[in-house]
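What follows is a set of notes on a single structure, which appears directly below.
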Amino acid sequence: MSQSQSRSTSPANWQTNQQEREGLWIFTRVRDFIDNIANTSPARLALTVFAVVILVFTGLLSLPAASSAGTVTPLHQSMFTAVSAVCVTGLTVVSTATHWTFFGQLVILIGIFVGGLGTLTLASLLALMVSKRLGVRGKLIAQEAMNNAGRLGEVGTLLRIVIVTSVVIEAALAIVLIPRFMVLGESFWQSVWHGVFYSISAFNNAGFTPHSDGIVPYETDLWILIPLMLGVFLGSLGFPVVMVLQQNGLNWKKWNLHTKLTIQVSFILLAAGTVLWGLMEWDNVRTIGTMDLGDKITHSLFASVMTRSGGFNLVDQNHMESTTMLLTDALMFAGGGSASTAGGIKVTTIAVMFLAIMAEARGDADVKVYGRTIPQGTMRVAISVIVAGATLVSVAAFLLLSISGASLDRVLFESISAFATVGLSTNLSAELPPSGVYVLTALMFAGRVGTVTLAAGLALRQRSQLYHYPEERPIIG
């Protein structure tokens, strides 16, 4: 009896074991594939991770449960929204408040949080989770994502600090915002939802709002505007800067060069943007011309903070003066800090190029600042980032001009906003046909991963040369 039972159960057990081995074999192949990419091609891993994440969120937003109408959202709209969320941009082609259900808004919010961690950070986390280790090259990838904020042995700790820092700052912002929404008459759970949504959207520089009219109703409410500005500004500094501030506080002498340049240039752009935006819009009755002095200053400061990548707005961008739109274009293109939730070409890129120009004007052989010499390789990366960014914006603007027939100022504004993952809009995104929507979708993706991946790839991919050609200097200028 036992022999017959043994014979009858053996094929089933063998089949079960075979299925388990096949399942483990598939997992092993996936693990080896990811581990191989992590140790050989950081750029390819970053692009793969972000593409997969975007496809997942596109699928979720395409579900009927995500739409208020209970129907499938068209692919160009669901993909655009998913890319805008994961790339922490904030541009929309449908109303976040009215088109999406609570489930859809929750998917968007999770996409913002995940995307805010950054491409190389996500790639490093994926390699760490799947392979249980990073390897030397994988640790170099993660260290580059953190802007060399620590030694290779501390990379795992640094990645955990990134997530913990994000959660703590977002929780603090939510704790401040929730009581204010309750005071304004919202229910407890609605206040909690709006407080959490705005805190995550602000720190990750996303600019999504769960209200149909955005934050315009709160244009004089400092209890809401100040936390939003603080969240956006902290997020724009970048995780390496935040970690240095956690370790050394406000002790300037202990800050590394990256932290000094990021904070200094950020405050310069913040002050210059506030003054210039205020002066240009001071008498514009369509924006702040009829307001009192305090509200004008508040609006100017808020606009300066948000144009750097925040994406929240208190005035209609179409009502601004042409000079103000040009100023906004420049600030959006500049962006925030490296390895941050902000976009743009980054403030350290601007700092390095400015210092190089000053060194050339003075006739110095080296580019020096704060007792340090900036390597030639860093300047080549900075030039590459600027040229790549300008090229992407130019190509996208050319395509959008031919597709939409809109004016150049609106097209350029929308293109820079998409590339720099800002989210400020002249409403051109919602007016575009599907082909134009896909152009902006590609631009948001390229803006979030393109220049960062290019910079990391150039920094990590150095070839040794056994010979040099004779030098010959072409005429410059």
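Please read all numbers here as calculations on a predicted model, not as lab measurements. When reading the values below, keep in mind they use all heavy atoms of this one structure, side chains included, and skip hydrogens, waters and symmetry mates. Index from 1, following the sequence.
The closest donor-acceptor contact from the side chain of Thr391 to the backbone of Val387 lies under 3.5 Å. The backbone N or O of Ile374 sits nowhere less than 3.5 Å from a side-chain atom of Thr378 that would complete a donor-acceptor pair. Looking at Ser67, its side chain never comes within 3.5 Å of a backbone N or O of Pro64 through a donor-acceptor pair. Listed for the Ser201 side chain is no donor-acceptor partner under 3.5 Å among the backbone atoms of Phe197. Using modelled atom types, one side-chain atom of Thr81 and one backbone atom of Gln77 make a donor-acceptor pair closer than 3.5 Å. Listed for the Ser309 side chain is no donor-acceptor partner under 3.5 Å among the backbone atoms of Ala342. Side chain of Asn248 to main chain of Asn251: no donor-acceptor pair is present (N/O by atom type, distance under 3.5 Å, no hydrogens or angles). Put simply, the side chain of Thr328 gets close to the backbone of Thr324: a donor and an acceptor are under 3.5 Å apart. Of the possible polar contacts, none joining the Arg180 side chain to the Trp223 backbone as a donor-acceptor pair under 3.5 Å is found.
Interatomic distance, Asn313 CG to Leu424 CG, rounded to the nearest 0.5 Å: 6.0 Å. Interatomic distance, OG1 of Thr441 versus CG of Leu432, reported as 10.0 Å (0.5 Å rounding). Note that CG of Leu269 is 10.5 Å distant from CD of Gln264, once rounded to the nearest 0.5 Å. Atom CE of Met306 and atom CG of Leu228 lie 5.5 Å apart (nearest 0.5 Å). For the atom pair Ser304 OG and Phe233 CZ, the distance stands at 9.5 Å (nearest 0.5 Å). The structure places NE2 of His211 at 5.5 Å from CZ of Phe181, a figure rounded to the nearest 0.5 Å.
Counting heavy atoms from C-beta outward, His299 and Lys296 have side chains that stay 4.5 Å or more apart. The shortest distance between side-chain heavy atoms of Gln105 and Leu109 does not fall below 4.5 Å. Side-chain contact check for Leu440 versus Val437: every heavy-atom pair is 4.5 Å or farther apart. Residues Pro433 and Ile403 are in side-chain contact: their nearest non-hydrogen atoms beyond the backbone lie under 4.5 Å apart. Under the 4.5 Å side-chain criterion, counting only non-hydrogen atoms from C-beta, Phe208 is not in contact with Ile200. Looking only at side-chain heavy atoms (C-beta outward), Val88 and Asn205 stay at 4.5 Å or farther from each other. The shortest side-chain heavy-atom distance between Glu170 and Phe113 falls under the 4.5 Å cut-off. Using a 4.5 Å heavy-atom cutoff, the side chains of Trp189 and His194 are not in contact.
Using the six-membered ring where Trp is involved, Phe312 and Tyr198 have ring planes that are tilted, between 30° and 60° apart. Ring geometry, Trp252 versus Trp255: the interplanar angle falls from 30° to 60°, so the pair is classed tilted. The aromatic rings of His76 and Tyr438 sit perpendicular, their planes meeting at an angle over 60°, well past the 30° parallel limit.
Under the 3.5 Å distance criterion, with hydrogens and angles disregarded, no donor-acceptor pair is assigned to the side chains of Thr298 and Asp295. For Thr101 and Ser68, the side-chain atoms include no donor-acceptor pair closer than 3.5 Å. Using modelled atom types and a 3.5 Å distance limit, the side chains of Glu281 and Thr287 yield a donor-acceptor pair. Looking only at atom types and distance, the side chain of Ser429 has a donor-acceptor partner in the side chain of Glu414 under 3.5 Å away. For the 3.5 Å distance criterion, the side chains of Thr92 and His99 fail to qualify, holding no donor opposite an acceptor.
A salt bridge links Glu431 to Arg410: one of the charged nitrogens lies within less than 4.0 Å of a carboxylate oxygen. In summary, Arg286 and Asp316 do not engage in a salt bridge, as defined by a charged side-chain N under 4.0 Å from a carboxylate O.
In this structure, Trp100 and Leu61 approach most closely via the heavy-atom pair CZ3-O, 3.3 Å. Here the shortest heavy-atom pairing between Ser212 and Ala97 reads N-CB, 3.4 Å. Among all heavy-atom pairs drawn from Val242 and Leu234, the shortest one is CG2-O, 4.2 Å. Across all their heavy atoms, Thr209 and Gly214 have their closest contact at OG1-CA, 3.6 Å. Nearest approach of Ser266 to Leu237, heavy atoms of both residues: OG-CD2, 4.0 Å. For Gly235 against Thr341, the heavy-atom pair with the smallest separation is O-OG1, 3.1 Å.
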Derivation and outcome, side chain to side chain donor-acceptor pair (under 3.5 Å), residues Ser84 and Thr89: CA-CA 5 Å; Ser84 184; Thr89 305; 4.6 Å; no
Working for side-chain contact (heavy atoms from CB on, under 4.5 Å), residues Glu219 and Met291: CA-CA 11 Å; Glu219 61 178 351; Met291 299 179 182; 3.8 Å; yes
Check against side-chain contact (heavy atoms from CB on, under 4.5 Å), Val232 and Phe203: CA-CA 5 Å; Val232 168; Phe203 178 72; over 6 Å; no
Chi angles and distances behind the side-chain contact (heavy atoms from CB on, under 4.5 Å) call for Thr348, His258: CA-CA 7 Å; Thr348 44; His258 171 76; 3.5 Å; yes
Derivation and outcome, side-chain contact (heavy atoms from CB on, under 4.5 Å), residues Leu225 and Leu314: CA-CA 10 Å; Leu225 297 184; Leu314 296 177; 4.1 Å; yes
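The six-membered or imidazole ring of Phe102 lies near that of Trp193, with a centre-to-centre distance under 6.0 Å.
Heavy atoms of other residues, nucleotides or ligands lying less than 6.0 angstrom from CZ of Phe267 number 12 at most. By the neighbour-count criterion of 12 heavy atoms within 6.0 Å, atom OH of Tyr370 is densely surrounded, having more than that number from other residues, nucleotides or ligands.
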